[in-house]
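To keep things clear, I will list the structure first and then write my remarks on it.
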Amino acid sequence: MITLYHCPQTRSSRIIWLLEELGCPYAIKPVTIFRPSTGAGVSDPANPNPTKQVPAIEDDGRLVTESAAIVLYLTDAFPAAGIGPGIGDPQRGEYLSWLAWYGAELELTMFAKAAGETEAAPMKQRRYETVCRHLLDSLAKGPYLLGDRFSGADILVASALGFARKAFPDSEVLDAYAARCNGRSAAVKARELDTASGVQRA
Amino acid sequence: MAVGQRMILWGTPASQPSRAVAWACLIKGLNFAYHDLTMRHLGVGGPVQPHNPSGQVPTLQDGDISVFEMPAILIYLAEKHGWSDLLPADLAARTRMHQYLHFHHNFTRRATLGLMAPHVTVAFRDMLVARGKSQLVAAMDSADKLLAGQRIVLEVADLIEAGWFPHGDFLCGAEPTLADIACYEELSQLTWAGLFDFSAHAKLSRWLSAMAALPFHEPAHRYNLILGDIAAAPNTLTRFAAALEAGVQALADCGVEVRRFG
């Protein structure tokens, strides 16, 4: 069974959503983390992640950290759920690009925008605009990042929109996308579980 | 994709992620063409934008499929071509490798941004000022840039030394994987450039030597060899151009079809 090391309202919340989408057995192990943005919280010795951040999962003794790596690992491990194009799928390259792009581009520019760093730094502003354009152009082609197909990449991007919507431009397309993804039953269930502790789905 | 059509790698030898992809392709003997871009061709509106919305490199064009972001390209190629060495078949090692590749962009790459970039880009300071790259200009103008950058790299090196190399000389185990190639491009450049000495990190030092013994190491890093020590003698446009030219020529010497966007 998969164990998710979780702290409410953090990046691990979306992994609950992913696990609910996959329908696999899992347990949530609550841990505390130090939150650099506020200075609150303390690192938990029970957290196996060497950086003491979340998310981290354990599966049959294997530790996986980093959101995008966890998404890829789990969507590959549970292909029947159909939310991650597998090896050989024509959309595999696109899926891998979205997962890597999320961490390398979207998150960085989103936090820069939220911190007010983009206005005074033309390079960061351009990067932010490029990220937003890519997102909007892609969503103009279909309801999800991979077109008609919901995937683990949507969980990353839609969860970011869920907690940092103000960092993105006003857009009916983005609002509709966020509502479409975050309104899925698995997402709703995940939010209910987010603050609970010791939850186990068998 | 037409039968026999070569895939195209868009890159530049000065880009660590581009070098990582090119080196992996050389090691695995892939038939690919290399489209070399200079700085003025990068970004929105550049020739690679139809394949990558940010217009950046590396970008892979494989027939109708475009893949961008270095980890995505490496994983895509390894899966497509069955690189069971660089993409380990063992699930635990493979998982660790994926983990590293997603950890890399926010962590190890700070070595480039904090130390390498401010020393390389002094050669074209005026252009960066004109483009409004104020942070990079401030970093290169800082009297403290060497020590400040070295502090960042020390943090990176300490964490990798302590948290990776679980059993063996490589990041994820006894054999090199895509993670090693990605990481090597960030750290090794600092040694050629005279910017950081890893000798206090025993595992990293062994690893650097082991990686340097992999095939095609010299052509994949001829850019770095020609650029040389930029701590002792600051980079210049002439030197940078010569290093780029050498890096591209090295790929051509390996039989790669090169197209230059000069």
Side-chain angles (χ1 to χ4, degrees), chain A residues 49-51 53 56-74 76-77 86-105 107-109 111-112 117 120-127 129-138 153, chain B residues 17 43-45 49 51-56 59-80 82 87 90-107 109 128 130-138 159-160 162-164 166:
Chain A
N49 187 340
T51 66
Q53 293 297 308
I57 65 165
E58 279 182 331
D59 179 23
D60 196 21
R62 284 182 290 272
L63 173 69
V64 192
T65 62
E66 300 294 325
S67 290
I70 291 172
V71 170
L72 184 61
Y73 176 86
L74 288 175
D76 279 354
I87 298 172
D89 187 299
Q91 286 192 295
R92 178 72 168 181
E94 196 180 350
Y95 181 53
L96 293 171
S97 294
W98 277 113
L99 294 181
W101 178 86
Y102 172 80
E105 296 291 331
E107 267 213 6
L108 291 180
T109 55
F111 285 121
E117 295 171 0
M123 192 168 79
K124 286 189 176 181
Q125 178 64 24
R126 275 198 295 276
R127 194 172 178 186
E129 289 168 2
T130 302
V131 163
C132 293
R133 189 179 310 114
H134 178 41
L135 198 51
L136 287 165
D137 287 351
S138 301
Chain B
V44 174
Q49 199 193 351
H51 312 289
N52 177 343
S54 70
Q56 296 296 331
T59 295
L60 183 76
Q61 193 183 336
D62 188 8
D64 296 334
I65 295 174
S66 297
V67 189
F68 49 90
E69 299 294 338
M70 177 270 292
I73 296 172
L74 288 177
I75 295 168
Y76 170 82
L77 289 173
E79 289 178 348
K80 178 177 176 179
L87 181 68
D90 172 69
L91 190 55
R94 180 180 292 209
T95 299
R96 201 163 170 78
M97 185 213 71
H98 280 304
Q99 202 167 294
Y100 175 80
L101 289 175
H102 291 285
F103 157 89
H104 175 86
H105 61 81
N106 271 340
F107 197 77
R109 273 187 65 72
L128 295 171
R131 288 189 177 187
K133 300 201 173 185
S134 50
Q135 281 194 323
L136 192 50
V137 172
L159 191 82
I160 293 176
W164 294 84

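Throughout, a chain's letter reflects where its sequence line sits, starting with A, and its residues are numbered from 1.
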So which residue, A:Ala68, A:Ala121, A:Ser67, ends up with the most heavy-atom pairs under 4.5 Å with chain B? A:Ala68

Quick one: OG on B:Ser54 to CZ on A:Arg133, what's the gap to the nearest 0.5 Å? 10.5 Å

Counting heavy-atom pairs under 4.5 Å to chain B, which of A:Pro50, A:Gly103, A:Ser138 comes out on top? A:Gly103

Here the gap from A:Ile70 atom CD1 to B:His102 atom NE2, rounded to the nearest 0.5 Å, amounts to 10.5 Å

Mind checking whether A:Thr130 and B:Gln56 have side chains closer than 4.5 Å, heavy atoms only? no

Partner residues of A:Asp59 under the side-chain hydrogen bond (donor to acceptor under 3.5 Å, both in side chains) criterion, sequence neighbours left out: A:Tyr73

When heavy-atom pairs shorter than 4.5 Å are enumerated against chain B, which of A:Pro90, A:Gly88, A:Ala104 gives the highest number? A:Ala104

Taking side chain as everything from C-beta outward and backbone as N, CA, C, O, which of these in B:Arg109 sits under 4.5 Å from a heavy atom of chain A? Side chain, backbone, both or neither. neither

What's the spacing between B:Asn106 CG and A:Thr51 OG1 if we round to 0.5 Å? 11.0 Å

From CH2 (A:Trp101) to CG (B:Asn52), nearest 0.5 Å: 11.0 Å

Relative to chain B, which segment of A:Arg127 carries a heavy atom at a distance below 4.5 Å: side chain, backbone, both, or neither? neither

Under 4.5 Å from any heavy atom of chain B - which part of A:Glu105: side chain

Region of B:Ile65 in contact with chain A, defined by heavy-atom distances below 4.5 Å: side chain

Heavy-atom distance under 4.5 Å to chain A: side chain of B:Leu60, backbone, both or neither? neither

Backbone N or O of B:Phe68 within a donor-acceptor pair of the A:Ser97 side chain at under 3.5 Å? yes

Interatomic spacing from CD in B:Glu69 to OH in A:Tyr102 - rounded to 0.5 Å: 13.5 Å

Tell me, out of A:Glu129, A:Glu94, A:Arg126, A:Gln125, who's got the most heavy-atom pairs with chain B below 4.5 Å. A:Arg126

Measuring from atom CD of A:Glu66 to atom OG1 of B:Thr95, what distance do you get when rounded to the nearest 0.5 angstrom? 13.5 Å

Consider side-chain contact (heavy atoms from CB on, under 4.5 Å). Of B:Gln99, B:His98, B:Arg96, which one does A:Thr65 pass it with? B:Gln99

One option among B:Leu91, B:Leu159, B:Leu101 has the most heavy-atom pairs under 4.5 Å with chain A, and it is B:Leu91

